Amino acid sequence: MPLGPGQRVLAVADDLSGAAETAAALLSRTTRTRVLLDPRTATPAPAGTTTVFDLDSRQLSATGAADRITAVMTGLAPGTLVLKKVDSLLRGNLAAEIAALAATGRGVLLAPALPTAHRTVRDGVLHTDGVPLHTGNAWRAEKAPPPRSIAEALRAPVALLGLASVRGPAHLLRTALSEALATTLPVVADAETDADLDALLAAALDVDPRVALAGSGGLALALGRSLDGGPPAPLPPPGPATRPLLVVVGTAEPLAAEQVRRLVADGAALYSLDPGAPYPGDPLPRLRPGTTVLTLRPGGPPDPAAARAIVRNLARTAAALLDAGPGPADLVLTGGETARRVLEALAVRELRPRGQVHHGAVLATTPDGRTVVTRPGSFGDADSLRLIARALRAPAARDPAARTTAPHPAAGATPAARTAVHPPPDPGRPAPTPRRTSHDHAKGPFMNATPAAPAGTEPTAAEKSDALPVIAVTMGDGAGIGPEVIVPALLDPGTLSRIRPVVIGDAERLRRAAELVGLADRAEIVTVEGPGDAEFTPGRINVIDLGLLPADLPWGTLSAVAGDAAYQYVRVAAELALSGAVQGICTAPLNKEALHAGGHLYPGHTELLAHLTGVEEVSMMLSTDTVKVIHVTTHIGLIDAVKRIEPGLVERTVRRGHDALVRAGVEHPVIGVCGINPHAGENGLFGYGEEEEKIVPALEILRADGIDARGPLPADTAFFLAGRGDYDLIVAMYHDQGHGPVKILGLEAGVNLTVGLPVIRTSVDHGTAFDIAGTGTADPGSMIEALRQAAALAPSPTG
């Protein structure tokens, strides 16, 4: 159950980017969230307020950091929930701060896993990308060697809560946690997934609501999911390009340098500061309208001893640039220390978070109306700064790449999803033809119609091809039927008329599949470096060949090698989509057991893509010509599913489905929402009032917003009514409630859509079919339909 709307939450972090990340995770529509840079100036927080303090203690002595924890914990209002944000790499004064928390007598649960950044905890050891922290190079800029375990980082004995307990039945987890807390030692919890963190949080609040929670942004996100009120409002639209935007990058690490290079390639001005020069260094330029990047000149490895002086000079330079600018300017600040010093130089003492551009990149406003985005220095991929700049500034005329990644706030989108690749409506682009009912078989589900061009203005064949979306087709598990359905689907005459497909996979495996299905003489399988190198002609299949599969990989056999390869195909496709190189992803099936054996612990494609794109919450939608269904919960047990269902989750799921239908041309979708119990509870006859408690409040909010959501409906009749056209979409509460009817009504032509991602993603609605893999008998119909729907939903790269 969500925490009540009157819940007070106090969170503390040791630097500003961590504080902002925490605040963004705790945003909701019904709470006021603020980040304070000086706890001494804080006014008492009213009920329903989330306050996040930046203690600025990363560079303090251990004693100084502990004193600041003790100070903010003194005199807390009764019932205040406490969260200590810790660095996900265990840096800073972790030992002293956890000891100070424990000294309050609350008990401490430390869960530092951050699944979205591939940082997990197993057997009390922090891993980054599957590698123990002490064997990698994540601590290369630190003075001390990395700790070999979390207990070593705390320099104290701990009570360890292992994965077996975390993933066991809820009542046993509560018992194990209660026993661990009774030792009065800090409790260190293993976790590898968001579901693990959700389970830990629920157990902690059940066992002792006074327990002090300590964790990375992953635990903060779990707490945010438990808060009442649903997600925050969408981010504001981009501002005018004429207002100055200053991007301050306080590190010269290779990834940061590449982020800067790509932003400059988009037209930003660059000012490089010599790290060794005294302030003010070189003569300062006048800050111009548009975007300016202030960064450090490349040099040797980071010098921890000189870091603070370098950051101070960087902050003073930034303030001087802003003082000399043509008017008020907005800011992008990477690195917690850098962000803190720049804001101090500008006398900013409070931030009001609005949401995230992408994971860790938090957009906030200041009391004087300035927009500020903060981001940890180590977060984001190579396009991070480009995405942030485009979320803040709307060029007068977007180039194709800018359209591909332009922000498009949508009702019900999660904060991280607001870097969505869907462009805003373009007056020059034909609108999709409205489609009234889901049984209009003439066009099929989500098929948009485009008006014919006036006589004499028809585009050339090359122009038509350039306007088609580029779709990354991931090969899935190479031991399954994925290669066998991809080859005929890409040779289907209609495919090249709708999309420009590029396969991410293994070229040799596709050649073997072409032989199996009798199409070797028609299929020209060509290896390309990227979508820009691909040519789209009949019979040609372009492949970004990762070469991960051995030549003798048997068909139809579970393989860790194939599971890892399937993950890598999806990872590359997600990177291409986020960079704007492709406009959508279409996935062939992977095998979950093989994926896990390959070291990637995700329930499936949906959760994997959410992780890779930095989105905390998405929905699975299954679509056939007969019925479409979106799921409130998917790959969890039935008991856990009923527990997880709550009004905010139901509301967000319905909104995501509604928005997907509207984008696909259904002007006013009619949505049927299933109940949980038989006969939707039949007025309390079945169940314990779950429909009234978990579903009805969401429907009331949705209807007030003009969304035609009806229910709760008995599931056994809802799908029949949808099949005859009464509903455009059915909302199922759990996996089998939705999957069963869809597989009966339309398995062969069914398509799996992931709704809520910042990229278009469709998939076949069948598995790897190991029993027939390698026989050449797999039906490619679902893959053809998945490609067709990807074409209908993906934006044109030139539109």
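Each residue takes its place number in the sequence, starting with 1. Please read all numbers here as calculations on a predicted model, not as lab measurements.
Tested against R167, the residues D640, D190, D196, D198 include a single salt bridge (Lys or Arg N to Asp or Glu O under 4.0 Å) partner, D196.
For the residue pair A566 and G476, the shortest heavy atom distance occurs at CB-O, 3.7 Å. Annotation for L109 and A204: closest pair CD2-CB, 3.8 Å, computed over non-hydrogen atoms. Closest of all the heavy-atom pairs between T183 and A159 is OG1-CB, 3.9 Å. Contact record, T193 with L601: CG2-O, 3.6 Å, taken as the closest heavy-atom pair. Closest approach of I645 to L649, counting heavy atoms only: CA-CD2, 4.5 Å. G130 and R122 make their closest contact through O-NH2, 4.1 Å (heavy atoms, listed as atom of the first residue, atom of the second, distance).
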**OP:** Would you check, one step at a time, whether the test side-chain contact (heavy atoms from CB on, under 4.5 Å) holds for L548 with Q568?
**Re:** CA-CA 9 Å; L548 298 174; Q568 302 301 338; 3.6 Å; yes
**OP:** Give the C-alpha distance, both sets of side-chain angles, the deciding distance and a yes or no for side-chain contact (heavy atoms from CB on, under 4.5 Å) between L26 and L223.
**Re:** CA-CA 7 Å; L26 300 178; L223 180 56; 3.8 Å; yes
**OP:** Determine, step by step, whether L161 and L173 satisfy the side-chain contact (heavy atoms from CB on, under 4.5 Å) criterion, reporting the C-alpha distance in whole Å, the side-chain angles of both residues, the deciding distance to 0.1 Å, and the verdict.
**Re:** CA-CA 9 Å; L161 200 61; L173 172 57; 3.9 Å; yes
**OP:** Please assess L101 against I69 for the test side-chain contact (heavy atoms from CB on, under 4.5 Å), listing each intermediate value before the final yes or no.
**Re:** CA-CA 7 Å; L101 278 179; I69 291 286; 4.0 Å; yes
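Salt-bridge annotation for D87 and R58: present, with a side-chain N of the basic residue lying under 4.0 Å from a carboxylate O of the acidic one. Salt-bridge annotation for D54 and R340: present, with a side-chain N of the basic residue lying under 4.0 Å from a carboxylate O of the acidic one. Under a 4.0 Å N-O distance rule, the pair R225/E646 does not qualify as a salt bridge.
Here OG1 of T33 is found 12.0 Å from CZ of R354. Values are rounded to the nearest 0.5 Å. The CG atom of D564 lies 9.0 Å from the OH atom of Y569; values are rounded to the nearest 0.5 Å. Taking CG of L10 as the reference point, atom CE of M73 lies at 7.5 Å (rounded to 0.5 Å). From I676, atom CD1 reaches atom CD of E693 across 8.5 Å, with rounding to the nearest 0.5 Å. In this structure, L221 CG and T22 OG1 are separated by 9.0 Å, a value rounded to the nearest 0.5 Å.
A side-chain N or O of T51 and one of R34 form a donor-acceptor pair less than 3.5 Å apart. For the 3.5 Å distance criterion, the side chains of R375 and S17 fail to qualify, holding no donor opposite an acceptor. In this structure, a donor-acceptor pair under 3.5 Å is present between the side chains of S763 and T587. A side-chain donor-acceptor contact under 3.5 Å links R119 and S88. With hydrogens and angles left out, the side-chain atoms of T754 and R761 include a donor and acceptor closer than 3.5 Å.
For CZ of R571, the number of neighbouring non-hydrogen atoms (other residues, nucleotides, ligands) closer than 6.0 Å is greater than 12.
In this structure, the side chains of L110 and V187 stay at 4.5 Å or more apart for every pair of heavy atoms. When side chains are defined from C-beta on, L133 counts as touching W139, because their heavy atoms get closer than 4.5 Å. Contact of the V35 side chain with the L16 side chain is registered, since non-hydrogen atoms from C-beta on lie closer than 4.5 Å. By the 4.5 Å heavy-atom criterion applied to side chains, L213 and V82 are not counted as neighbours. Side chains of V52 and L36 form no contact here, defined as non-hydrogen atoms less than 4.5 Å apart. Between H631 and S619 the shortest side-chain heavy-atom distance does not fall below 4.5 Å. Considering only heavy atoms from C-beta on, T634 comes within 4.5 Å of E607 through its side chain. P115 places none of its side-chain heavy atoms less than 4.5 Å from the side chain of E192.
A donor-acceptor pair under 3.5 Å is absent between the side-chain atoms of T80 and the main chain of R8, judged by distance alone. Of the possible donor and acceptor atoms, none in the side chain of H171 sits under 3.5 Å from a partner among the backbone N and O of P169. N93 contributes no side-chain N or O that, together with a main-chain N or O of A96, makes up a donor-acceptor pair within less than 3.5 Å. Proximity of a side-chain donor or acceptor of S216 to a complementary backbone N or O of P112 within less than 3.5 Å is detected.
A distance below 6.0 Å separates the ring centres of Y602 and H611.
Ring planes of Y567 and H118: perpendicular class, angle over 60° (limits at 30 and 60°).
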